[in-house]
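The structure appears right after this line, and notes come after that.
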Amino acid sequence: MTTAREIMSPNVTCVGENETLADAARKMAELDVGSLPICGEDNRLKGMITDRDIVVKAIAKGRNPADVRAGELAQGKPVTIGADDDTNELLNTMAQHRVRRLPVIDGHDLIGIVAVADVARALPDRPVGDLVDAISS
């Protein structure tokens, strides 16, 4: 069975919980990505931030992205997958939580991210179609 570790994108860049949303946006632009994990001072995953979060939760509410810390948008316990969890568990987790990107954890360390595109490259069409249906509805 294929594992999350085998299909993830490694070498993940985090935005620190004390960095600003402006910093996060610059990193997203430099990396050409739409989301970043938020990592704490303790190097543990605190959440995920998307370009949409920056717009909807800050700019649209009149908040200055240079004054808002990324950690302020980290809500609840982040949804993750274990590095050695199989793709069935990965698909179920993504569908259940309706997420398009899933941080991959080995112990307490963030080691990668699995995005829908990674799933599409690694798995047959049927499971991918079911996943897209689940997260899009």
Side-chain angles (χ1 to χ4, degrees):
M1 181 62 67
T2 305
T3 65
R5 183 188 311 271
E6 294 172 285
I7 67 171
M8 71 181 190
S9 297
N11 305 323
V12 179
T13 298
C14 287
V15 61
E17 66 182 333
N18 292 315
E19 290 185 79
T20 68
L21 299 185
D23 296 329
R26 276 190 288 279
K27 283 185 180 186
M28 287 180 196
E30 289 169 9
L31 298 167
D32 193 28
V33 297
S35 70
L36 290 171
I38 302 169
C39 294
E41 299 287 324
D42 57 1
N43 289 324
R44 294 219 175 161
L45 181 68
K46 302 297 181 186
M48 292 288 291
I49 187 169
T50 67
D51 46 8
R52 185 175 191 281
D53 290 334
I54 294 170
V55 171
V56 173
K57 296 177 181 177
I59 296 171
K61 293 184 177 178
R63 298 179 77 190
N64 182 345
D67 296 332
V68 180
R69 303 283 171 221
E72 292 179 46
L73 298 188
Q75 300 174 351
K77 185 177 186 290
V79 177
T80 63
I81 191 78
D84 297 317
D85 288 345
D86 66 35
T87 52
N88 287 332
E89 179 70 20
L90 183 134
L91 291 169
N92 289 336
T93 301
M94 290 180 96
Q96 177 184 356
H97 295 280
R98 298 180 64 194
V99 295
R100 297 176 186 276
R101 295 165 202 91
L102 196 56
V104 180
I105 303 294
D106 190 1
H108 292 291
D109 298 328
L110 175 68
I111 63 165
I113 296 224
V114 174
V116 172
D118 298 318
V119 173
R121 282 190 291 272
L123 300 178
D125 292 344
R126 177 66 188 212
V128 175
D130 292 345
L131 173 61
V132 171
D133 284 344
I135 62 178
S136 298
S137 58

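In this chain, residues are counted from 1 in sequence order. All of these numbers come straight from a predicted model, not from anything done at the bench.
- Shortest non-hydrogen contact noted between Ala4 and Gly82 is CB-O, 3.6 Å.
- Linking Ile, Leu, Val, Met, Phe, Trp and Tyr residues whenever their side-chain heavy atoms come within less than 4.5 Å places Ile81 and Leu91 in a single cluster.
- For the atom pair CD1 (Ile38) and SG (Cys14), the distance works out to 9.5 Å, reported to the nearest 0.5 Å.
- By the 6.0 Å contact criterion, CG on Asn11 is open, its count of non-hydrogen atoms from other residues, nucleotides or ligands being 12 or less.
- With hydrogens and angles ignored, the 3.5 Å screen pairs a side-chain donor or acceptor of Glu17 with a backbone N or O of Glu41.
- By the 4.5 Å heavy-atom criterion applied to side chains, Met48 and Asp53 are not counted as neighbours.
- Across Met94 and Val114, no two heavy atoms sit closer than the pair CE-O, 3.9 Å.
- Expressed to the nearest 0.5 Å, how far OG1 of Thr3 lies from CE of Met8 amounts to 8.5 Å.
- The distance from the NZ atom of Lys46 to the SG atom of Cys39 is 9.0 Å, given to the nearest 0.5 Å.
- Residues Val68 and Thr20 form no side-chain contact, since every pair of their non-hydrogen atoms from C-beta on lies 4.5 Å or further apart.
- Distance check: Ile113 CD1 to Ile105 CD1 gives 9.0 Å after rounding to the nearest 0.5 Å.
- A donor-acceptor pair is defined here as one N or O able to donate and one able to accept, closer than 3.5 Å; no such pair exists between the side chain of Glu89 and the backbone of Asp86.
- The two residues Pro78 and Gly47 come nearest to each other via the heavy atoms CG-N, 3.8 Å.
- Between Thr13 and Pro37 the shortest heavy-atom distance is O-CD, 3.3 Å.
- Gln96 and Thr93 are not linked by any side-chain donor-acceptor pair at a separation below 3.5 angstrom, with hydrogens and angles left out of the test.
- Heavy atoms only, all atoms of each residue included: Leu110 and Pro103 are closest at CD1-CB, 3.7 Å.
- The hydrophobic clustering, which links ILVMFWY residues whose side-chain heavy atoms are closer than 4.5 Å, places Val15 and Val33 together.
- Side chains of Ile49 and Leu21 form a contact here, defined as non-hydrogen atoms less than 4.5 Å apart.
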Quiz prompt | CA sep, side-chain torsions, deciding dist, call: Val104, Arg5, side-chain contact (heavy atoms from CB on, under 4.5 Å) | solution = CA-CA 7 Å; Val104 180; Arg5 183 188 311 271; 5.5 Å; no

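- Judged purely by atom type and a 3.5 angstrom limit, Thr87 has no side-chain atom pairing as donor or acceptor with the backbone of Leu90.
- Looking at every heavy atom in both residues, Ile111 comes nearest to Ala83 through CD1-CB, 3.6 Å.
- Under the 4.5 Å side-chain contact rule for hydrophobic residues, Val12 and Ile7 do not share a cluster.
- The side-chain heavy atoms of Met28 and Leu36, taken from C-beta on, include a pair separated by under 4.5 Å.
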